[in-house]
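Atom set for the values below is all heavy atoms of this structure, side chains included, hydrogens, waters and symmetry mates excluded. In what follows, chains carry the letters A, B, and so on, assigned in the order in which the sequence lines appear, proteins first and then strands, with residues in each chain numbered from 1.
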Amino acid sequence: MKNKEVAEVLRHIAALLEIKGDNPFRVRAYQRAAQNIEALTVDVEELARAGKLERIPGIGKDLAQKIKEIISTGTCQKYEDLKREVPPELINLLSIPGVGPKTAKLLYEKLGIKSIEELERACLEHRVSRLPGIRSKTEENILRGIQLLKQHVGRRPLGEILPLAEALVEMLRRQAPVDRIDVAGSIRRRRETVKDIDILVTSRNPARIMEVFVSLPLVGEIIARGETKTSVRLKEGIQVDLRAVDPACYGAALAYFTGSKAHNIRIRELGVQRGLKINEYGIFRGDERVGGREEEEVFAAVDLPWIPPELREDRGEIEAAQAGQLPRLVNYDEIKGDFHVHSLFSDGTASVEEIGAKARQLGLKWVGICDHSQGLRVAGGLTPKDIAAKKAAIQAFNRHSKDVKLLFGTEVDILSDGRLDYPDDLLREFELVIASIHSGFRQDEATLTGRILAAIENPLVHIVGHPTGRLIGERDPYPLDLKTIFSAAQKAGVALEINAYYKRLDLNDVNTRAAKEAGVLLAIGTDAHSLEQMNFLSLGVAVARRGWCEPQNILNTFSYRQLKEWLKKKVS
DNA sequence: GCCGTTTTCGGCCCGACTGTTTTCAGTCG
């Protein structure tokens, strides 16, 4: 049983307890346990077998027992009992914005409502507004929430939203009396998907900022408007929260609104232990504000060094910071190249020369031109005779380019029987070989794992591309035994890709961290099929940082010379 | 349900905004 499935059961228990009106701290305990299990870089089953479950923060005797039960039976007695008390379908109601556990319980007890469809009907028939504590306004809000849910305005890929957030900041900067301004929230942490855009500002005239904000042409509707906090929904669907704070508490507010929620709770608890109250208005001892202008002060108040936003998930960063063992994360400006770009020779839209020029503009030193192999006909895969022309084009570019070098590469298909789509003699021609799966996603775990292992064991393969095949919001990762793959890749000196295309981000953050811990090298590639998509490289760096990677874990920090050495050594 | 340089019991992060309310509960982040 996978970590995710165990976490799911615990989360359901938390939701049912919440609806039931159980002790909120017990609810939080289940939620925290679920989160921490999901963030594990080892199998929870393994920890259970070794009797080490209680080493996971937030898991004591009781939860350890329940987790063992869940692993062996797929469920636990407590969950089954709860499901008899509270209909599990009610959990779906909680996904409606504006509907929480109390409302869900009320709807079920008074009207017998269990599904979103039933709730929508009841609202349209105005049966909901007759309930105690609910009037027409709330009924309208619930209906609107259901509409939003239907439009799939849930979590959106970071790559779609980040440019929008940056544009909003630019507009506010230009049109309003802004002093400091930052995007906070999950965007600042660079989570792979985001639910809303959080923007924080300081200004001598916050009222004016709010005024400018709500009248921006991008804004569709105003959800809430206060003096310090305004929420709107953009016409394109995403919610934006704007908060104005005093300069004296900007750092505290930035830390607070960056989150994550779980990270903040831990920081505040550390504050309480030291007799401090930490909130978005600063750091307080009694009624006296003792800091908060800069973010560093918040961490310093609880005896911690500043923690990079990408790590703030309560996945062990606080313990690492306490022990002085935070990783020295790879920086965005240490990235010297992109491993994975498609050209006109296969299904890309840019020529070799254009890719080289774009790389120069991005400040890169090298780019791997890795087109598809022959089997992938739909993607214009290269037959052996196209390959010579491509090689010539790359050599021509490199002859006259001193600062940017292109690598003659391929993204060779791993066929459904585990063979590669080019024979070894042909593969030997390339400077850089990425092997990827593009078909047979429905095979079982053993078969898929075997295909990747076969590629790893071929000494001509440098990198395994988008290892899990997932597409955010579209396709789940196919089943793989990643632990075995990591260990094989480490032994063979094969790198695994962090594919930076905004819908892939594959490996993801948690898997990247597990790979790093297994001693696997990681290679960031944009998988760009156009010049614009080469901009996504920073999303891949974000994944690396969220995966606790240091420069030495990331091959993209290599200079061209170092990289050539590595590529050669690999083949020896 | 967890957890301990305040502790093995009694705490557990903190505030904004909305709607339905005359003082607050619910939701959200």
Give each protein N/O atom lying under 3.5 Å from an N/O atom of nucleotides 21-23 of chain B, with the pair distance.
from    : atom 1 : to        : atom 2 : distance (Å)
dT21(B) : OP1    : Arg135(A) : NH2    : 3.3

Measure from [atom1] on [X] to [atom2] on [N] and round the result to the nearest Å.
X	N	atom1	atom2	value
Arg268(A)	dC12(B)	CZ	P	13 Å
Gln239(A)	dG29(B)	CD	P	7 Å
Gln31(A)	dT27(B)	CD	C1'	14 Å
Asn141(A)	dT20(B)	CG	C1'	12 Å
Ile265(A)	dG29(B)	CD1	C1'	10 Å
Lys137(A)	dT27(B)	NZ	P	18 Å
Tyr256(A)	dG15(B)	OH	P	8 Å
Glu221(A)	dT18(B)	CD	P	13 Å

(request) Let me see the working for Tyr256(A) and Leu200(A) under side-chain contact (heavy atoms from CB on, under 4.5 Å), right down to the final yes or no. (result) CA-CA 10 Å; Tyr256(A) 182 77; Leu200(A) 187 67; over 6 Å; no
(request) Could you say whether Arg243(A) or Glu280(A) is positioned toward the 5' end of DNA chain B, judged by the nucleotide with the nearest heavy atom to each? (result) Glu280(A)
(message) Go nucleotide by nucleotide along DNA chain B from the 5' end; which of Ile59(A) and Glu269(A) gets its closest nucleotide reached first?
(response) Ile59(A)
Taking side-chain contact (heavy atoms from CB on, under 4.5 Å) as the definition, give me every residue that meets it alongside [X], ordered by chain and number, with sequence neighbours left out.
X	result
Ala29(A)	none
Ile91(A)	His12(A), Ala15(A), Leu16(A)
Glu334(A)	Arg328(A), Val330(A), Asn331(A), Pro551(A), Thr557(A)
Val9(A)	Ile13(A), Ile70(A), Tyr79(A)

Would you jot down, in residue-number order, the residues of [range] having a non-hydrogen atom under 4.0 Å from DNA chain B?
range	value
residues 199-216 of chain A	none
residues 282-318 of chain A	none
residues 10-29 of chain A	Asn23(A), Phe25(A), Arg26(A), Arg28(A), Ala29(A)
residues 95-121 of chain A	Ile96(A), Pro97(A), Gly98(A), Val99(A), Gly100(A), Pro101(A), Lys102(A), Thr103(A)

Quiz: residues 48-66 of chain A side-chain donor-acceptor pairs under 3.5 angstrom, not counting sequence neighbours:
from     : atom 1 : to       : atom 2 : distance (Å)
Asp62(A) : OD1    : Lys66(A) : NZ     : 2.4

Phosphate-side-chain proximity, [X] and [N], N/O vs OP1/OP2 below 4.0 Å:
X	N	answer
Lys277(A)	dG15(B)	yes
Ser231(A)	dC17(B)	no
Lys261(A)	dC13(B)	no
Lys229(A)	dG15(B)	no

Is there a side-chain contact between [X] and [Y], using heavy atoms and a 4.5 Å cut-off?
X	Y	result
Pro206(A)	Thr228(A)	no
Arg156(A)	Glu236(A)	yes
Pro101(A)	Val27(A)	no
Leu329(A)	Glu550(A)	no

Any base atoms under 4.0 Å from [X], or only sugar-phosphate, or nothing? Heavy atoms, all strands.
X	answer
Leu63(A)	sugar-phosphate
Thr230(A)	nothing
Ile278(A)	sugar-phosphate
Arg225(A)	sugar-phosphate
Phe257(A)	nothing

With rounding to whole Å, what would you report as the distance between [N] and [M] at their [atom1] atoms?
N	M	atom1	value
dG11(B)	dT18(B)	P	34 Å
dC2(B)	dT8(B)	C1'	12 Å
dG26(B)	dT20(B)	P	14 Å
dG10(B)	dT6(B)	C1'	12 Å
dC28(B)	dC13(B)	C1'	14 Å
dT27(B)	dT21(B)	C1'	16 Å

(message) Taking the minimum atom-to-atom distance to the side chain of Val272(A), which one of dT18(B), dC12(B), dC14(B) wins?
(response) dC14(B)
(request) Side chain of Asn279(A) only, please: which of dG1(B), dC14(B), dT18(B) is the nearest? (result) dC14(B)
(request) Without swapping roles, check the side chain of Asn553(A) against the backbone of Lys516(A) for a donor-acceptor pair under 3.5 Å. (result) no
Note: [X]-[Y] ion pair, threshold 4.0 Å (strictly below):
X	Y	result
Arg274(A)	Asp303(A)	yes
Glu317(A)	Arg312(A)	no
Arg513(A)	Glu517(A)	yes
Arg266(A)	Asp314(A)	yes

(request) Under a 3.5 Å limit for both distances, which nucleotide forms a Watson-Crick or G-U wobble pair with dG29(B), could you say? (result) dC14(B)
(message) For Gln533(A) and Thr526(A), which I'm curious about, is there any donor-acceptor pair between the side chains at under 3.5 Å?
(response) no
Tabulate below the donor-acceptor pairs under 3.5 Å that side-chain atoms of residues 168-177 of chain A make, not counting sequence neighbours, or state none.
none

(request) Could you check Gln239(A) against Ser231(A) for side-chain contact (heavy atoms from CB on, under 4.5 Å), going step by step and ending with a plain yes or no? (result) CA-CA 7 Å; Gln239(A) 180 173 332; Ser231(A) 297; 3.9 Å; yes
(request) Only pairs at least two apart or in different chains count here, so list each salt bridge (Lys or Arg N to Asp or Glu O under 4.0 Å) that has a residue in residues 209-223 of chain A. (result) Arg144(A)-Glu221(A), Arg208(A)-Glu211(A), Glu221(A)-Arg233(A)
